[in-house]
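Quick notes on the structure that follows.
Numbering starts at 1 and runs along the sequence shown.
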Amino acid sequence: MADAPKIIDNRIPSLDGLRTVSIALVLIGHAFHVYGFGTSGNFGNLGVRVFFVISGFLITGLLVREIERTSTVNLLKFYFRRTLRIFPPYYFYLIVVGSAAALGLAAVPLSSLIYSSAYVTDYVEPTGWLVGHTWSLAVEEQFYLILPGFLMLLGIRRAKVLLIAIVLFAPFVRVLDFWASGPDQVWVLKGFHANADALAIGCLLSLFRVSLHKLAFYRRFLGSWIVFLLLPLILAANLQGDHPIVFLGASLTVMNVAVALCIDWAVTNHLTRTGRLLNSAVMVKLGVMSYSIYLWQQPFLDPQAPSLLNSFPVNLIGIAVMSSISYYLVEKYSLAWRQKLETLWFGPRIESVQEAEPSTAAA
């Protein structure tokens with residue numbers, strides 16, 4: 001039985017390993033583009049599903065624990081923490097890309113850089129591969145802006161009802177949007193409203209996890225081999241992209257729910273053989289670095305600009321070098337400053353638990 005996700009070394013077990021799985025799916029999906037396989041497997045979309053659900057699960061858990069402890073959410077502190085977690089690596093990437101564009105080394109219009117900087121690329125599609133992955137970060141940022149107030153204004157009980165309604169009605173909204181807007185509009189698949197149910201499923205997993213683990217049949221399910229049938233189910237649903245009505249109306253919902261169940265299994269069964277793999281040092285480290293890896297894989301897996309930078313193994317070396325620079329020289333410093341400033345301005349933290357990262361996947 002689970003009262004709450006078990007915390008080990010201030011981190012929820014298995015989630016960093018799942019982040020590594022997510023970024024690996026992105027790398028595979030983009031590599032397929034580079035090496036002529038196109039969208040085969042639709043692995044990028046699968047990666048974004050995993051990460052959206054993880055984000056909903058983690059952020060909701062953090063906010064609910066604060067609400068239970070203080071009866072409110074310190075919005076200033078929440079957005080302060082999010083800002084220093086997300087902005088420094090992101091704007092470092094955009095500054096480098098913008099500088100390359102200004103020097104004629106990259107084809108990225110100023111308008112696309114502005115849209116990316118404003119986190120609106122889930123509704124205004126940018127020109128150029130180098131900022132094409134920012135849409136999922138825009139979805140995440142909009143989620144961070146909405147969720148705290150959502151929980152505070154509605155309360156936990158009414159929030160549960162509305163989140164369930166989002167999951168139930170989102171497929172119909174996507175299909176109607178597809179019929180009204182056509183297949184070429186970016187927001188049909190990448191808009192916040194098109195992905196709200198993936199985030200909502202993660203939120204619901206956090207809100208209902210204790211109750212679910214009190215159910216004997218659910219505990220038996222998590223302890224049985226049947227849970228592994230979720231993997232082919234996810235893969236099969238993810239391959240329905242050529243059938244947009246099925247994909248938008250059913251497949252994405254099936255994937256979101258199945259991914260949430262897999263996440264709960266991984267968190268609950270972190271001592272199994274698979275759990276030990278997800279929590280191995282390498283998987284955890286790559287998961288921790290997944291945000292920087294996600295940002296910097298884009299220039300080195302660019303199907304629109306075949307060059308030495310996109311050839312193996314130069315592209316892998318480039319990803320490793322630039323993501324390491326981003327992580328060690330930007331992320332870690334910004335997080336260290338965040339900790340110092342947070343203590344100074346808000347006092348010592350009562351808890352220090354793993355946080356949701358921005359999405360590390362793009363379709």
Side-chain angles (χ1 to χ4, degrees), residues 21-22 25-26 29 32 38-57 60 120-125 132-133 135-140 142-143 146-147 150 159-208 212 221 226-227 229-264 359 361-363:
V21 172
S22 178
L25 290 168
V26 175
F32 273 24
T39 58
S40 299
N42 203 19
F43 292 112
N45 175 72
L46 180 53
V48 84
R49 298 299 112 200
V50 175
F51 223 95
F52 282 161
V53 180
I54 288 176
S55 293
F57 175 63
T60 302
V120 296
T121 48
D122 53 337
Y123 287 97
V124 183
E125 188 165 24
H133 59 334
W135 73 269
S136 57
L137 301 176
V139 170
E140 290 277 356
Q142 291 154 21
F143 171 64
I146 293 170
L147 185 65
F150 175 86
K160 289 178 179 178
V161 174
L162 187 53
L163 287 166
I164 291 171
I166 290 171
V167 172
L168 293 176
F169 286 102
F172 299 100
V173 172
R174 280 193 293 266
V175 170
L176 290 174
D177 195 13
F178 174 79
W179 282 338
S181 303
D184 298 325
Q185 300 296 341
V186 62
W187 58 78
V188 172
L189 183 61
K190 298 179 179 179
F192 176 82
H193 70 283
N195 295 282
D197 55 333
L199 295 157
I201 284 287
C203 298
L204 290 169
L205 174 61
S206 179
L207 293 170
F208 282 103
L212 285 172
F221 167 73
I226 297 175
V227 73
L229 295 178
L230 293 172
L231 299 178
L233 176 64
I234 291 170
L235 292 173
N238 190 48
L239 291 174
Q240 303 308 309
D242 291 336
H243 310 283
I245 300 302
V246 173
F247 188 70
L248 296 171
S251 294
L252 291 178
T253 300
V254 169
M255 291 167 62
N256 294 335
V257 174
V259 165
L261 293 173
C262 288
I263 290 171
D264 196 15
S359 172

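Without hydrogens or angle criteria, N195 side chain to L189 main chain gives a donor-acceptor distance under 3.5 Å. Looking at S22, its side chain does come within 3.5 Å of a backbone N or O of G47 through a donor-acceptor pair. Within the 3.5 Å criterion, the main-chain N or O of N238 finds a donor-acceptor partner in the side chain of N42.
Between V50 and I263, the shortest heavy-atom contact is O-CD1, 4.3 Å. When all heavy atoms are compared, the tightest approach of I234 to A258 is CG1-CB, 3.5 Å. Of all heavy-atom pairs between R174 and A194, the closest is NH1-O, 2.9 Å. A pairwise comparison of heavy atoms in V259 and R49 identifies CG1-O, 4.3 Å as the closest pair. E140 and F51 get closest at one heavy-atom pair: OE2-O, 3.9 Å. Across all non-hydrogen atoms, the minimal contact from V124 to V186 is N-CG1, 4.1 Å.
With rounding to the nearest 0.5 angstrom, the CH2 atom of W187 is 13.5 Å from the OG1 atom of T121. To the nearest 0.5 Å, atoms CZ (F57) and CD1 (I54) are separated by 9.5 Å. Annotation: the span from L168 atom CG to I164 atom CD1 amounts to 7.5 Å, rounded to 0.5 Å. Taken from CG in L261 to CG in L212, the straight-line distance is 8.5 Å, to the nearest 0.5 Å. Residue T60 holds its OG1 atom at 5.0 Å from CZ of F143, rounded to the nearest 0.5 Å. Between atom SG of residue C262 and atom CG of residue L230 there is a gap of 4.5 Å, rounded to the nearest 0.5 Å.
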Pair N45-L252, side-chain contact (heavy atoms from CB on, under 4.5 Å): steps then yes or no: CA-CA 10 Å; N45 175 72; L252 291 178; 4.0 Å; yes
Working for side-chain contact (heavy atoms from CB on, under 4.5 Å), residues D197 and T253: CA-CA 8 Å; D197 55 333; T253 300; 3.9 Å; yes
side-chain contact (heavy atoms from CB on, under 4.5 Å) assessment of L163 paired with F208: CA-CA 12 Å; L163 287 166; F208 282 103; over 6 Å; no
side-chain contact (heavy atoms from CB on, under 4.5 Å) between L199 and F192, intermediate numbers included: CA-CA 10 Å; L199 295 157; F192 176 82; 3.9 Å; yes
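For H193 and Y123, the ring centers sit closer than 6.0 Å to each other.
Residues passing the side-chain contact (heavy atoms from CB on, under 4.5 Å) test with P244, sequence neighbours excluded: F178.
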